[in-house]
Structures are given as structure tokens and as C-alpha cells.
J.: 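Quick one: the structure is below, questions incoming.
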There are 2 protein chains.
Amino acid sequence: MGLAKTEIFTDKQNEIALFAKAFGHPARVSILQYLFKIDSCVCGDIVNEIGLAQPTISQHLKELKQLGLIQGNVEGTSVCYCINKEKWAAMKAILTDFLNQGHSIKPTCC
Amino acid sequence: MGLAKTEIFTDKQNEIALFAKAFGHPARVSILQYLFKIDSCVCGDIVNEIGLAQPTISQHLKELKQLGLIQGNVEGTSVCYCINKEKWAAMKAILTDFLNQGHSIKPTCC
DNA sequence: TTGTTTGATTGCAATATTACGATAATTAAT
DNA sequence: ATTAATTATCGTAATATTGCAATCAAACAA
């Protein structure tokens, strides 16, 4: 089907999955790393940085923006993107929580 | 195309994306959480815990196993799964590193 | 106005993912 | 040997994702 049955999972589980999908593609990983590296608005540089066509980058940026992880501001003919640090922190908290499950001292069993 | 151009990204970027995809679906999030909660081998319980058909669960388990995040051991007619804590720790290190980017005190710009 | 630049959108093709019924494979029990 | 229990695999359908050429839209410059 290609369609996840989100209704049988908790909101938290769906949220974790959604955020994880955001950087479940190397292009988006690369975009986010670049924005962090620059640590300010990036206007028009992104397509040249990543080796993908402009419409493809635009699409990845749209996804990241819809999730709120980045924001874009129009500056003349160009659009400047940057990390939304508040949202990033919120996501980090949720995913870190998930990654830190299982504090037991038990070794891997079996 | 539906085919990620992995060759233009670094191994690290591809690795982050691969791990992120592992829990980019709520069913796999749910499976992993369940295995952590039990904190031992789970033999045959998983299909009843998650509301998906047996072949679907089997497929998700296979993906997690291929990544090394879980391991399955045959016990009679059933298979017992558990978290591979070493691999989990390795993944956690990689993803935590990614999530902790951007320590600058600058607020979100723009 | 006309052109230029930049980024978004549209349309499409190819591949990937998700889900499940049917069936196979394995082991244990009778 | 049969049967039951459990999980894996196959086949298939539906939807999602990725990527790009072509095009559109907005803002600026001449």
C-alpha cells in the first residue's frame, strides 16, 4: 500500500517517525548540516552546495520547512533559509528521549 | 525517480539517513519501544502487540535486523528478538552527534 | 517596458515503501 | 506420519518518494 497505518500508533510514535523521516534522506542531512555550518541565513547558496537539481533541492527545503525545522525569508529575488533553533531543540528532545531508552545494565541477551 | 543519489553524499551522511529511516515509520518505533520495555528476548509476542498483520511485522523486523539494531534467535517454533545494545549505542552516538550540531548562542536569525 | 535572476510549481517517470493474503518452511507435539 | 504453531517468503496492489525538465511567479535592474 505504501500508506502507513498511523491511526494505530500513538501521537508520540508518529511524531518520532515524522521527525526521523525528515533526515532519513542524505540530501536533507546535507542541507541541515550546511545550514548549521553557516549558522546564519543562507541566500541562494544551497543548490550549488549540494549536487542536485534546483527543483529537487526546492522540494527537500519545502519538506523541512513544513516540519518547521527550517524557515525561509524572502530577500529581494532570493530566499534566505536558516535553522529554526527552537523547533530543532524540540525535535532533539523528542528523539534523544527515544534514543536514550533502555538504561538497564543488562547486556544484549540471547 | 524514487532512488536516492547516495553517491554524491558522504558515507557519514548516508549512514545518518539510513539509521534515521530505521525509525522513520511508527511501526518500527513501536517495535523498538516494546523490545526496550521488555528488556529481554521476546518470543512471538510482537504481532499481538502491534496492530499489523504478521507478514507486515515480519518485514519490519527484517529491516531492523538487517541494520543490526535487533537480533533474532530461533527457539523451537518461535523466534526470539531483542535489541542489539552495542549496535544501538553506536547508532545513538552517530545520531546524537548530528542532533547536537549548532552549539552557537546565536538565536534563530531572520 | 523588457529582460534578468531566483526560487517555486507542475508534470512526469522510475523506484521505494507499506500492507496483506496465500503459501512455504521449520520445529514440536501427538 | 500428521497435525499444530510460528515465522518467513512470495506475489501483488496501492501509495510515497525521489529526481528533473519545463514552466511559472516575483522582484529587481536597465
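Below, all heavy atoms of this structure are taken into account, side chains as well, without hydrogens, waters or symmetry copies. Below, chain A is the first sequence line, B the second, and so on; all start at residue 1.
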J.: How far apart are the C-alpha atoms of Phe19(A) and Leu67(A), what are their side-chain angles, what is the distance that settles it, and do they pass the side-chain contact (heavy atoms from CB on, under 4.5 Å) test?
T.: CA-CA 8 Å; Phe19(A) 280 132; Leu67(A) 262 177; 4.0 Å; yes

J.: Are Lys92(A) and Asp97(A) within salt-bridge range, i.e. N to O under 4.0 Å?
T.: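 Judged by the 4.0 Å cut-off on N to carboxylate O distance, Lys92(A) and Asp97(A) do not form a salt bridge.
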
J.: Would you say dA8(C) has OP1 or OP2 under 4.0 Å from some side-chain N or O of Ser58(A)?
T.: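 Affirmative; the distance criterion is met.
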
J.: Measure from the side-chain heavy atoms of Lys5(A) and tell me the nearest of dG19(D), dA28(C), dA19(C).
T.: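 The answer is dA19(C), which lies nearest to the side chain.
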
J.: Would you mind telling me which residue lines up with the more 5' stretch of DNA chain C, Gly2(A) or Asp45(A), judged by nearest nucleotide?
T.: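 Per heavy-atom nearest nucleotide, the more 5' residue is Asp45(A).
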
J.: Using the criterion of both pairing distances under 3.5 Å for Watson-Crick and G-U wobble pairs, give all stems of 3 or more consecutive pairs involving DNA chain D.
T.: C:1-30 with D:1-30

J.: How close or far is atom P of dA8(D) from atom CG of Leu64(B), stated in whole angstroms?
T.: 12 Å

J.: Heavy-atom nearest nucleotide on DNA chain D for Val74(A) versus Arg28(A): which residue maps closer to 5'?
T.: Arg28(A)

J.: Nearest whole angstrom, please: distance from the C1' of dT6(C) to the CD of Glu75(A).
T.: 13 Å

J.: Specify the residue among Glu63(A) and Leu3(A) whose closest nucleotide of DNA chain D lies further upstream toward the 5′ end.
T.: Leu3(A)

J.: If each of Gly76(B) and Val42(A) is mapped to the nucleotide of DNA chain C with the nearest heavy atom, which maps nearer the 5' terminus, i.e. the 5' end?
T.: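 Per heavy-atom nearest nucleotide, the more 5' residue is Val42(A).
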
J.: From the list dA19(C), dC28(D), dA5(D), which nucleotide is the closest neighbour of the side chain of Ala4(A)?
T.: dA19(C)

J.: Side chain of Val79(B): nearest nucleotide among dG7(C), dT7(D), dT15(D)?
T.: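 So the nucleotide nearest the side chain must be dT7(D).
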
J.: Kindly say if Tyr81(B) contacts the phosphate of dA8(D), meaning a side-chain N or O under 4.0 Å from OP1 or OP2.
T.: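 For Tyr81(B), the contact criterion (side-chain N or O under 4.0 Å from OP1 or OP2 of dA8(D)) is met.
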
J.: Report the distance from atom CG of Asn73(A) to atom P of dA26(D), rounded to the nearest whole Å.
T.: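 For the pair Asn73(A) CG and dA26(D) P, the rounded distance is 18 Å.
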
J.: What's the closest nucleotide to the side chain of His25(A) if the choices are dA5(D), dT6(C), dG19(D)?
T.: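 Given the options dA5(D), dT6(C), dG19(D), the side chain of His25(A) is closest to dG19(D).
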
J.: Would you call the rings of Phe23(A) and Phe98(B) parallel, tilted or perpendicular if under 30° counts as parallel and over 60° as perpendicular?
T.: tilted

J.: Have Gln13(B) and Gln33(A) got a donor and an acceptor in their side chains that come within less than 3.5 Å?
T.: yes

J.: Heavy atom of residues 49-56 of chain A under 4.0 Å from DNA chain D: which residues?
T.: Leu52(A), Ala53(A), Pro55(A), Thr56(A)

J.: Given atom CD of Gln66(B) and atom P of dA8(D), what is their separation to the nearest angstrom?
T.: 12 Å

J.: Starting at CD of Gln59(B) and ending at P of dT9(D), how long is that distance when rounded to a whole Å?
T.: 11 Å

J.: Taking the side chain from His25(A) and the backbone from Ala22(A), do they hold a donor-acceptor pair closer than 3.5 Å?
T.: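 Not a single qualifying donor-acceptor pair exists.
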
J.: Are any of His60(B)'s side-chain N or O atoms less than 4.0 Å away from OP1 or OP2 of dT17(C)?
T.: no

J.: Strictly below 4.0 Å: does Lys21(A) bring a side-chain N or O up to OP1 or OP2 of dT17(C)?
T.: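 So the side-chain polar atoms of Lys21(A) never come under 4.0 Å of the phosphate oxygens OP1 or OP2 of dT17(C).
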
J.: Is it the case that atom CG in Asp11(B) sees more than 12 heavy atoms from other parts of the structure closer than 6.0 Å?
T.: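 Counting other residues, nucleotides and ligands, CG of Asp11(B) stays at 12 neighbours or fewer.
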
J.: Using whole Å, report how far CD1 of Ile57(A) lies from C1' of dT9(C).
T.: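 Answer to the nearest Å: 16 Å.
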
J.: May I ask you to decide if the ring planes of Phe36(A) and Trp88(A) are parallel, tilted or perpendicular, using 30° and 60° as cut-offs?
T.: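 Ring orientation, 0 to 90° scale: perpendicular.
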
J.: Hey, does Lys65(B) reach any base, or is it just sugar-phosphate, or nothing, if we go heavy atoms under 4.0 Å?
T.: nothing

J.: Under 2.5 Å between the SG atoms of Cys43(B) and Cys80(B): is that the case?
T.: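 Answer is yes, sulfur atoms closer than 2.5 Å.
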
J.: Taking it one step at a time, do Thr96(B) and Thr96(A) satisfy side-chain contact (heavy atoms from CB on, under 4.5 Å)?
T.: CA-CA 7 Å; Thr96(B) 299; Thr96(A) 299; 5.6 Å; no

J.: Ignoring hydrogens and angles, state whether a donor on the side chain of Asn73(A) or Tyr81(A) is under 3.5 Å from an acceptor on the partner side chain.
T.: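 No - no donor-acceptor pair under 3.5 Å links their side chains.
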
